[in-house]
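What follows is one structure encoded as structure tokens, with my remarks underneath.
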Amino acid sequence: GGSSLSSVVTVLAIVAGVAVFASPLMVSNVVYVIDSDYSGKNVSFRDASAHAKRRYGSMLRSYFAAIALLILPVAGIVAAIVAIALPGGVPAAVLPAWQIAVIVVLALAALLLFFGIVFIPYTVAVEGQGGFRAVLSSYRYAFLGNFWSNFTRVLTAAVIVALAGVVINWLSQLPFKELYELYLVDPMLALQNPLMVFVILFALLAIVVVTFVFPFWYAFTYHTYRNAKYEYEQRSRR
């Protein structure tokens with residue numbers, strides 16, 4: 001119903017707001033620890049937290065710079081895909097081959113746009129850049145270094161993290177699968193069941209467990225960033 005939909009939208013808006021304004025501290029903290037470990041330096045939580053605070057403004061500006069650069073092309077790609085796949089607002093029963101090819105090309109274009117921003121945490125937290133400069137540096141390293149090596153490494157890490165998230169989420173729903181499915185169909189009826197509190201607790205536990213997967217993402221992509229930057233600098237000198 002409308003009330004449940006508005007509740008979902010509200011929760012997603014809150015989560016997105018927290019992600020945008022709180023994640024720069026976490027990201028800078030994690031990257032600082034990984035970079036210090038790479039350099040063989042001892043690091044304390046206080047040092048990492050102080051570094052994260054210093055980089056907060058630069059990281060946040062870089063986030064908004066990336067959003068400003070991507071919002072129009074990504075919105076255009078999504079609109080084009082929707083117009084092809086949902087003519088008149090109704091899912092198309094059958095699409096001709098050329099339309100499927102167009103959708104695939106557009107989806108790949110969107111994927112490449114997002115791939116270009118993958119090194120922003122490192123251009124900010126490691127190099128001290130910020131805003132559009134950090135975003136453009138990320139694109140240069142991603143595309144002008146060893147592109148295929150960078151792309152396949154990042155894609156591999158993304159697949160591993162995504163699969164881990166799916167498995168953890170599935171396991172969290174498994175003990176109360178029927179109640180969870182009922183919530184998706186009729187949230188108000190499901191919330192009347194006293195066992196629903198365990199569904200919520202398991203969902204929160206899944207979120208906590210998933211957070212332990214993300215250091216792998218940053219450790220893996222950090223080494224990809226180092227390689228990409230090295231390749232870019234070597235090619236720039238030629």
Side-chain angles (χ1 to χ4, degrees), residues 5-6 8-20 23 27 59-124 129 131-167 169-170 184 210 213-214 216-218 220-221 224-225 227-229 231-232 235:
L5 178 60
S6 63
V8 170
V9 172
T10 301
V11 170
L12 289 177
I14 293 172
V15 171
V18 171
V20 169
S23 69
V27 171
M59 190 72 76
L60 195 60
R61 289 196 306 273
S62 301
Y63 281 9
F64 283 109
I67 292 172
L69 288 174
L70 296 181
I71 189 167
L72 288 179
V74 170
I77 289 172
V78 171
I81 292 176
V82 169
I84 295 172
L86 305 174
V90 180
V94 180
L95 291 176
W98 73 268
Q99 288 185 333
I100 295 175
V102 170
I103 290 176
V104 170
V105 170
L106 290 173
L108 286 174
L111 178 62
L112 291 175
L113 285 172
F114 283 109
F115 166 66
I117 65 175
V118 72
F119 297 137
I120 289 177
Y122 313 113
T123 58
V124 176
Q129 300 184 35
F132 289 103
R133 183 184 173 193
V135 176
L136 294 177
S137 291
S138 177
Y139 270 96
R140 283 194 292 270
Y141 298 156
F143 288 96
L144 301 181
N146 191 332
F147 168 76
W148 286 112
S149 175
N150 300 335
F151 184 74
T152 53
R153 289 183 184 187
V154 170
L155 187 62
T156 299
V159 169
I160 292 173
V161 170
L163 285 176
V166 169
V167 171
N169 188 55
W170 176 75
L184 296 177
V210 166
V213 178
F214 278 94
F216 162 79
W217 163 263
Y218 288 108
F220 197 97
T221 54
T224 306
Y225 150 76
N227 178 72
K229 182 181 178 183
E231 292 286 346
Y232 169 75
R235 294 187 181 190

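For reference, positions follow the sequence shown, starting with 1. Bear in mind the structure is a predicted one, so any value in this text is a computation, not a measurement.
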Quick one, Val161 and Phe220 - any side-chain contact, counting heavy atoms below 4.5 Å? no
Separation between NZ of Lys229 and OG1 of Thr123, rounded to the nearest 0.5 Å: 9.5 Å
Excluding sequence neighbours, so at least two apart, what forms side chain to side chain contact (heavy atoms under 4.5 Å, CB included) with Ala142? Phe115, Phe119
Rounded to the nearest 0.5 angstrom, the OG-CD distance for Ser138 and Gln129 is 9.5 Å
Ile67 CD1 to Ile117 CD1 distance, which is reported to the nearest 0.5 Å: 8.5 Å
Please find the pair of heavy atoms, one from Tyr141 and one from Ala228, that lie closest to each other, and give the distance. O-CB, 3.5 Å
Looking only at heavy atoms, what is the nearest atom pair of Gly131 and Ser62, with distance? N-OG, 3.0 Å
Which atoms form the tightest heavy-atom contact between Ala107 and Ile81, and what is the distance? N-CD1, 4.3 Å
Could you check whether any side-chain heavy atom of Gln99 comes within less than 4.5 Å of a side-chain heavy atom of Ile84, counting everything from C-beta outward? yes
Can a donor-acceptor pair be found between the side chains of Ser137 and Arg140 at a distance below 3.5 Å? yes
Interatomic distance, CG@Leu113 vs CG@Leu108, rounded to 0.5 Å, equals 11.0 Å
If I take atom CD1 from residue Ile103 and atom CG from residue Leu106, how far apart are they, to the nearest 0.5 angstrom? 8.0 Å
Apply side chain to side chain contact (heavy atoms under 4.5 Å, CB included) to the pair Tyr139 and Val118, showing each step before the final yes or no. CA-CA 8 Å; Tyr139 270 96; Val118 72; over 6 Å; no
Under the side-chain hydrogen bond (donor to acceptor under 3.5 Å, both in side chains) rule, collect the residues that match up with Asn227, sequence neighbours excluded. none
Least distance between heavy atoms, Ile120 atom then Ala134 atom: CG1-O, 4.3 Å
Applying side-chain hydrogen bond (donor to acceptor under 3.5 Å, both in side chains), name anything that partners Thr221, two or more places apart in sequence or on another chain. Tyr122
Is Tyr63 close to Val135 at the side-chain level, that is, under 4.5 Å between some pair of heavy atoms? no
Please check this pair: side chain of Asn169 against backbone of Gly165, looking for a donor-acceptor N/O pair closer than 3.5 Å. no
Taking all non-hydrogen atoms of both residues, which atom of Phe132 and which atom of Ala68 are closest, and how far apart? CZ-CB, 4.3 Å
Short question: side chain of Arg235, backbone of Gly145 - any donor-acceptor pair under 3.5 Å? yes
Is the number of heavy atoms from other residues, nucleotides or ligands within 6.0 Å of CZ (Phe114) greater than 12? no
So CZ of Phe151 and OG1 of Thr224: to nearest 0.5 Å the spacing works out to 12.5 Å
Kindly give the heavy-atom pair with the smallest separation between Phe143 and Leu112, and that separation in Å. CZ-O, 3.4 Å
